[in-house]
Engineer: 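Dropping the structure in here first, questions after.
Positions are given from 1, in the same order as the sequence printed here. Excluded from the calculations below are hydrogen atoms, water molecules and symmetry mates; all remaining heavy atoms, backbone and side chain alike, are included.
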Amino acid sequence: MNNDRKVPPSTTLKAFNCPHCHTLTTQHWRNCLVTFQDKEKLPWRVRDLEGEIEGYKEFLREQRIEDDGTMEPYIRKRHTGVPIIGSKFENYSKTLVNVDVSECYNCGEIALWVGEKIVWPAESVAPIPNVDLPPDILADYREAGEIVNSSPRGAAALLRLCLQNLCIHLGEKGKNINDDIASLVSKGLDPRVQKMLDTLRIFGNNAVHPGEIDLRDDRDTAGKLFGLINLVADVMISQPKSVDELYDRIGEGPKKAIEKRDGS
């Protein structure tokens with residue numbers, strides 16, 4: 001279900017525009033449970049991502065258990081700090097009243113409700129993020145969207161960090177955004193992106209490092225950075241992904257003909 005009609009999220013509805021992907025579609029409602037733990041036990045937060053992953057793999061090796069490939073993505077998503085639906089618990093629990101979760105049929109993301117209000121994700125004025133952004137970059141992008149009205153400088157600093165991490169994700173060094181973007185341009189990114197970087201004072205004599213505050217930043221600068229990140233992700237991730245998906249639908253006969261033509 002997806003059309004131009006806008007239906008605000010509400011606990012009285014089974015379909016509305018998702019606060020994540022903004023698609024008008026079915027929302028599945030989930031109850032929340034409180035599980036009882038030892039009084040001395042603290043909440044589990046993934047602070048050392050690589051350490052947690054290696055610890056999990058070491059446990060599997062010691063127990064001689066084959067890795068089914070589901071735990072590492074789960075740990076990585078927990079590391080982003082966003083609410084997610086976890087594992088089933090066998091221990092005693094009680095229902096958490098007036099706290100509910102809606103799960104989007106389209107994107108699979110969840111929203112956390114207290115009473116009649118969505119408390120996560122926070123309302124954002126940022127452009128809809130590219131769906132192919134890696135989870136850690138997406139988390140910073142969304143946080144920037146949540147604070148851009150109250151702190152455009154802070155949002156711009158987060159977005160510069162997003163851009164740096166996106167360059168690293170795309171195989172660049174991540175030490176100099178100017179060099180990274182120049183390299184991406186040589187790989188197919190629109191050369192006008194470099195001009196946009198000049199305009200935004202990302203690099204040059206007056207540059208700030210990714211994640212640092214630039215006192216000249218304003219909401220307009222942050223808005224252009226949102227668009228820049230989405231543009232880079234679209235050209236370097238989404239478009240190649242779409243081409244690969246289309247190519248995979250071609251039959252083996254035509255594929256072999258193409259490979260023969262290309263001499264591969």
Engineer: Enumerate the residue pairs fulfilling ring-ring contact (aromatic ring centres under 6.0 Å, His included) with a member in residues 154-186, sequence neighbours excluded, ordered by first and then second residue.
Structural biologist: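 Counting only pairs at least two positions apart or across chains, no ring-ring contact (aromatic ring centres under 6.0 Å, His included) contact touches residues 154-186.
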Engineer: Hydrophobic clusters here meaning ILVMFWY residues chained together by side-chain heavy-atom distances under 4.5 Å, can you tell me if Val82 and Val101 are in one?
Structural biologist: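 Yes, Val82 connects to Val101 through the hydrophobic network.
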Engineer: Heavy atoms only: give me the nearest Cys167-Leu184 pair and the separation to one decimal.
Structural biologist: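 In terms of heavy atoms, the two residues are closest at SG-CD1, 4.2 Å.
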Engineer: State, to 0.1 Å, how close Cys107 and Cys18 come at their nearest heavy-atom pair, and which atoms those are.
Structural biologist: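 It is SG-SG, 3.8 Å.
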Engineer: Without placing hydrogens or testing angles, list every side-chain donor-acceptor pair under 3.5 Å for residues 234-241, not counting sequence neighbours.
Structural biologist:
from   : atom 1 : to     : atom 2 : distance (Å)
Asp234 : OD2    : Gln239 : NE2    : 2.9
Ser238 : OG     : Asn130 : OD1    : 3.1
Ser238 : OG     : Asn130 : ND2    : 3.1
Ser238 : OG     : Asp132 : OD2    : 2.7
Lys241 : NZ     : Asp132 : OD1    : 2.9

Engineer: Sequence neighbours left out, what passes side-chain contact (heavy atoms from CB on, under 4.5 Å) with Val131? Give chain and number order.
Structural biologist: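 Here no residue qualifies.
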Engineer: What pairs meet the ring-ring contact (aromatic ring centres under 6.0 Å, His included) rule with one or both residues in residues 113-165, with sequence neighbours excluded?
Structural biologist: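 Matches after skipping sequence neighbours: His20-Trp120, Trp29-Trp113, Tyr141-Phe226.
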Engineer: Say you draw a straight line from CG of Leu49 to OG1 of Thr80; how long is it, rounded to the nearest 0.5 Å?
Structural biologist: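 That separation rounds to 10.0 Å.
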Engineer: Mind checking what makes salt bridge (charged side-chain N to carboxylate O under 4.0 Å, His left out) contact with Glu58, not counting sequence neighbours?
Structural biologist: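 With sequence neighbours excluded, Glu58 shows a salt bridge (charged side-chain N to carboxylate O under 4.0 Å, His left out) to Arg61, given in chain and number order.
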Engineer: Who pairs with Glu143 by salt bridge (charged side-chain N to carboxylate O under 4.0 Å, His left out), at least two apart in sequence or on another chain?
Structural biologist: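 Counting only residues at least two positions away or on another chain, Glu143 forms no salt bridge (charged side-chain N to carboxylate O under 4.0 Å, His left out).
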Engineer: Counting N and O atoms only, with roles assigned by atom type, does the side chain of Asn230 sit under 3.5 Å from a partner on the main chain of Ile128, one being a donor and the other an acceptor?
Structural biologist: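 Flag set: sc Asn230 to bb Ile128 pair under 3.5 Å.
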Engineer: Run Phe16 and Lys6 through side-chain contact (heavy atoms from CB on, under 4.5 Å) and show every step you take.
Structural biologist: CA-CA 8 Å; Phe16 48 75; Lys6 300 297 181 184; over 6 Å; no
Engineer: Going by salt bridge (charged side-chain N to carboxylate O under 4.0 Å, His left out), name the pairs with one or both residues in residues 176-187, residues two or more places apart or in two chains.
Structural biologist: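 Applying salt bridge (charged side-chain N to carboxylate O under 4.0 Å, His left out) to every pair that reaches into residues 176-187, excluding sequence neighbours, yields Glu172-Lys187.
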Engineer: Taking Val34 as the starting point, is it possible to reach Ile84 by hopping between hydrophobic residues whose side chains are less than 4.5 Å apart?
Structural biologist: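 Yes: a chain of side-chain contacts under 4.5 Å links Ile84 to Val34.
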Engineer: Enumerate the residue pairs fulfilling ring-ring contact (aromatic ring centres under 6.0 Å, His included) with a member in residues 45-84, sequence neighbours excluded, ordered by first and then second residue.
Structural biologist: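 Qualifying pairs: none.
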Engineer: Is the number of heavy atoms from other residues, nucleotides or ligands under 6.0 Å of Asn98 CG greater than 12?
Structural biologist: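 Not buried by this count: 12 neighbours or fewer within 6.0 Å.
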Engineer: Could you pull out all residues at least two apart from Arg76 that satisfy salt bridge (charged side-chain N to carboxylate O under 4.0 Å, His left out)?
Structural biologist: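 By the salt bridge (charged side-chain N to carboxylate O under 4.0 Å, His left out) rule, Arg76 matches Glu50, Glu72.
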Engineer: Distance alone, cut at 3.5 Å: any donor-acceptor contact between the side chains of Thr25 and Asn106?
Structural biologist: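 Side chains of Thr25 and Asn106: no pair found under 3.5 Å.
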Engineer: Is there a side-chain contact between Ile110 and Ser102, using heavy atoms and a 4.5 Å cut-off?
Structural biologist: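 Heavy-atom side-chain distance check fails, nothing below 4.5 Å.
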Engineer: Just jot down the side-chain contact (heavy atoms from CB on, under 4.5 Å) partners of Arg47, sequence neighbours excluded, or say none.
Structural biologist: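 For Arg47, the residues satisfying side-chain contact (heavy atoms from CB on, under 4.5 Å) (neighbours in sequence not counted) are Arg45.
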Engineer: According to salt bridge (charged side-chain N to carboxylate O under 4.0 Å, His left out), who are the partners of Glu52, at least two apart in sequence or on a separate chain?
Structural biologist: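 Checked Glu52 against salt bridge (charged side-chain N to carboxylate O under 4.0 Å, His left out); zero matches.
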Engineer: Quick one: are Thr23 and Asn17 in side-chain contact, heavy atoms under 4.5 Å?
Structural biologist: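 Thr23 does not reach Asn17 side chain to side chain.
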Engineer: With sequence neighbours left out, write down each residue that passes side-chain contact (heavy atoms from CB on, under 4.5 Å) with Lys39, or none if nothing qualifies.
Structural biologist: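 If we apply the side-chain contact (heavy atoms from CB on, under 4.5 Å) test to Lys39, skipping adjacent residues, there are no hits.
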Engineer: Using every non-hydrogen atom in the two residues, find where Gly145 and Ala126 come nearest and quote the distance to one decimal.
Structural biologist: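 Looks like CA-CB, 3.7 Å.
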